[in-house]
Amino acid sequence: MKTLYLLREDLRTYDNPALDYACSNGEVLPVFIEPEGLGGASKWWLHYSLVALMKSYHELGCPLVFRRGDPVSTVLQLATEVGADQVVWNRIYSPAGIGLGQELKAALAEAGIPSKSFNGQLLIEPTKVLTQQQTPYKVFTPFWRACRAGLAPAQPIASPTVKPLDGSVSSERLQDWALLPTRPDWSGGLADRWSPGEQGAQQRWRTFLGGVINTYKDGRDVPSAQSTSFLSPHLAFGEISVRQIWHETLNAIQEGRVDETNGNKFLSEIGWREFSRYLLVHFPEVIDRPFNPKYEAFPWQDSPDLLAAWQAGKTGYPIVDAGMRELWHTGYMHNRVRMITASFLTKHCLTHWQHGMEWFWDTLVDADIGNNTASWQWAAGCGADAAPYFRIFNPILQSEKFDKQGDYLRVWLPELTKLPNKYIHKPWEASEDILKAASVQLGEDYPNPIVDHAEARQGALDAYQAFRN
Ligand SMILES: Cc1cc2nc3c(=O)[nH]c(=O)nc-3n(C[C@H](O)[C@H](O)[C@H](O)COP(=O)(O)OP(=O)(O)OC[C@H]3O[C@@H](n4cnc5c(N)ncnc54)[C@H](O)[C@@H]3O)c2cc1C
C-alpha cells in the first residue's frame with residue numbers, strides 16, 4: 001500500500017501517530033507544503049527545523065518532498081501522480097487547521113482516495129471534555145480538573161522504520177522558499193540561543209526533566225533564572241510530543257526524581273496550552289474577536305508612536321524595554337515579562353491587543369495561534385478566564401519583585417548597567433549625580449518614560465469605567 005503522509009505542525013518522527021500508521025501500511029511519501037501566514041521568526045525556525053527533519057528522513061532512507069501551492073489541490077495532484085492508496089495527517093487544532101482538514105477529507109473522498117487523520121498535537125480531544133451540561137468549559141481550573149480526572153493519553157510510539165515510495169518524486173528546494181531573513185539578516189541572536197529540530201527539542205527536554213524542573217514552581221517567575229523548559233517553539237512546531245512530556249513527567253514524579261509540586265505545576269502550564277487550543281476549537285471566532293463580546297466596544301486609543309516605542313523597547317520602563325529587546329534579539333520573551341509588556345501596551349498605552357498580538361506573532365519563534373491569542377486576550381481583560389481589565393501590572397513593582405538585583409535588566413539594557421539596584425527599575429527617580437556616575441543621560445542614552453505610570457493607570461481605569469457605563 002502507498003501512503004501519502006502530509007506533514008504540518010508535527011516535525012518529528014518520535015511519537016508521531018500519522019507517520020507510524022503510514023509506516024505500518026507499506027510505502028510512505030512524506031510531503032511538506034509551504035505554509036502561509038507565518039511570522040518572520042517562525043519562518044526562520046521552520047527553515048532549520050525542516051533542515052533537521054530532512055536529515056532524519058535521509059537517515060531513515062526516505063526523502064522528504066517539498067511542494068508549494070494550495071494544500072488541497074497540491075495533495076490531490078500528488079496523490080494522483082504517485083497512485084497513493086491513502087492520505088494521512090496529524091490534525092491541527094485551529095480554525096484554519098480544522099477547515100483545511102475538512103476540505104482535504106471531502107476532496108479526497110470525491111476523488112475516491114481514503115484519508116485518515118490523527119491527534120498528534122494535544123493530550124485530549126477538545127470535543128471530549130465538556131461540563132455536566134454538555135457545554136464547553138470557559139474557565140481553566142474546572143477544565144483542567146476534568147482533564148486530569150479522565151486523562152489517559154496513549155503511551156508514546158517509537159520512531160518507525162520508514163519504507164520509502166518506490167520511484168522518484170520531484171521536490172522543490174527548501175532554499176528557494178526564502179524563509180531566512182536577508183537584508184538585513186537579524187537572526188544572529190536566534191541562532192545563538194536555539195537548536196530547532198527534534199534533536200534540539202529532546203535535548204532541551206532532557207536538561208529540564210533531569211533537574212531544572214525541580215525549581216520550576218518558584219523559578220518560573222524570575223526572568224533571569226532560566227528555570228523554565230524553553231520547549232515552546234519545539235512544541236509549536238510539533239518537534240516534541242506532548243504525550244511524551246506528560247508520561248515522562250508523571251513517571252519521574254512517581255519514581256521520586258521530580259517532586260510533586262514542581263512537576264504538577266509544570267503539567268498545569270502544559271494544561272494552559274491544551275486550554276488555549278480547546279478554546280479555539282469551541283469558540284473559533286476568538287481568533288480575531290474578543291472572547292467577551294462586550295469588549296468590541298472598548299475605547300482603544302491606538303497611538304502609533306506609543307506602539308512604535310513599545311516595539312522598539314524604548315518606553316523608558318526598563319522591564320518593558322528589556323522584554324521587548326529580548327524578544328527582538330532571541331525570538332523569545334520570559335512569560336512574566338510577556339505579561340508585563342502586554343499589560344503595558346493594552347493598559348498604559350490603551351492600544352488594542354491585536355496590535356501586540358501581531359507583533360508577537362511576527363517576532364516570536366514560539367508563535368502559537370492558540371497560546372498567543374488566549375494570552376493576549378487574557379492580558380487585555382477580554383479573554384476566557386482573563387485577568388480583569390482593572391488589574392493593571394505596575395511595571396516598577398513587578399521589576400523590583402521579580403528582578404530584584406536587576407540581573408535581567410542588565411543583560412538587555414547595557415546602557416543602564418552601572419545604575420544602582422535601587423534606581424535601575426526607575427531611572428527617572430535617580431538624581432543627576434547618580435545618573436552621571438552611572439554614565440546615563442536620560443533622553444539620550446535611555447528614554448524618559450513615554451507615559452507617566454500614575455496618569456496612565458488612571459487613564460486606563462477611566463476608559464474602563466466609561467466603557468462599562
Ligand atoms: C501576551 C502573551 C503572549 C504569549 N504568546 C505565546 C505564544 O505565541 N506561544 C506560546 O507557546 N506561548 C505564548 N505565551 C505563553 C508563555 O509565555 C510561553 O508559553 C512560555 O513563556 C514559553 O516558555 P517555556 O517553554 O520555557 O514555558 P514553560 O513554563 O516551561 O511551560 C511549558 C509549556 O507550557 C505551555 N505554556 C506555558 N505557559 C503558558 C501559558 N500561559 N499559556 C499557554 N501555554 C503555556 C507552553 O507550551 C510551554 O512551552 C504567551 C504569553 C503571554 C502573556
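In each ligand, atom 1 is the first atom listed, and ligand 1 is the first ligand listed.
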Inset, instruction - For Ile270, take its heavy atoms, then give the atoms of ligand 1 lying under 4.0 Å from any of them. - result: 33 (C), 34 (O)
Inset, instruction - Specify side chain, backbone, both or neither for Phe360, according to which of its non-hydrogen atoms lie closer than 4.0 Å to ligand 1. - result: side chain
Legend entry - Minimum non-hydrogen distance to atom 42 (N) of ligand 1, winning option of Tyr332, Phe140, Trp272, Tyr216: Trp272
Inset, instruction - Answer yes or no for Arg277 and Tyr93: cation-pi contact, defined as NZ/CZ to six-membered ring centre under 6.0 Å and angle to ring axis within 45°. - result: no
Inset, instruction - Assess the pair Trp272 and Phe140: is the distance between their ring centroids shorter than 6.0 Å? - result: yes
Inset, instruction - Verify whether one side chain among Asp462 and Gln458 offers a donor that lies under 3.5 Å from an acceptor in the other. - result: yes
Inset, instruction - Indicate, with yes or no, if the rings of Trp177 and Phe66 have centres closer together than 6.0 Å. - result: yes
Legend entry - Interfacing atoms of ligand 1 (cut-off 4.0 Å, heavy-atom, Phe266): 30 (O), 32 (C)
Inset, instruction - Assess Trp361 for proximity to ligand 1: is some non-hydrogen atom of it under 4.0 Å away? - result: no
Inset, instruction - Would you mind running through ligand 1 and noting each atom that sits below 4.0 Å from a heavy atom of Asp368? - result: 7 (C), 8 (O), 9 (N)
Inset, instruction - For Met339 and ligand 1, answer yes if some heavy atom of the residue is under 4.0 Å from a ligand atom, otherwise no. - result: yes
Legend entry - Atoms of ligand 1, numbered as shown, that sit under 4.0 Å from any heavy atom of Leu364: 5 (N), 7 (C), 8 (O)
Inset, instruction - Look up atom CZ in Phe237 and atom CG in Asp366, then write down how far apart they are to the nearest 0.5 Å. - result: 9.0 Å
Inset, instruction - Please state whether the rings of Phe118 and Tyr21 are parallel, tilted or perpendicular, taking 30° and 60° as the class boundaries. - result: tilted
Legend entry - Of all pairs that satisfy salt bridge (Lys or Arg N to Asp or Glu O under 4.0 Å), the ones with a partner from residues 240-253, not counting sequence neighbours: Asp15-Arg243
Legend entry - Selected option - heavy-atom contact closest to atom 16 (C) of ligand 1, from Thr341, Val365, Thr346, Asn335: Asn335
Inset, instruction - Check each heavy atom of Leu235 against ligand 1 and say whether those closer than 4.0 Å belong to the side chain, the backbone, both or neither. - result: side chain
Legend entry - N/O separation below 3.5 Å, Phe208 to ligand 1: no
Inset, instruction - Mark up the atoms of ligand 1 that fall under 4.0 Å of a heavy atom belonging to Ser232, in ascending order. - result: 11 (O), 22 (C), 23 (O), 25 (O), 49 (O)
Inset, instruction - Provide the number and element of each atom of ligand 1 under 4.0 Å from a heavy atom of Ala367. - result: 8 (O)
Legend entry - is_close_aromatic(Trp194, Tyr332), centroid dist under 6.0 Å: yes
Inset, instruction - Just jot down the ligand 1 atoms closer than 4.0 angstrom to any heavy atom of Leu231, in number order. - result: 25 (O), 49 (O)
Legend entry - Atom indices of ligand 1 within 4.0 angstrom of Ala342 heavy atoms, with elements: 1 (C)
Inset, instruction - For His355, check ring-ring contact (aromatic ring centres under 6.0 Å, His included) against everything at least two apart and list the hits. - result: none
Inset, instruction - Kindly assign one of parallel, tilted or perpendicular to the pair Trp428 and Tyr317, based on the angle between their ring planes and the thresholds 30° and 60°. - result: perpendicular
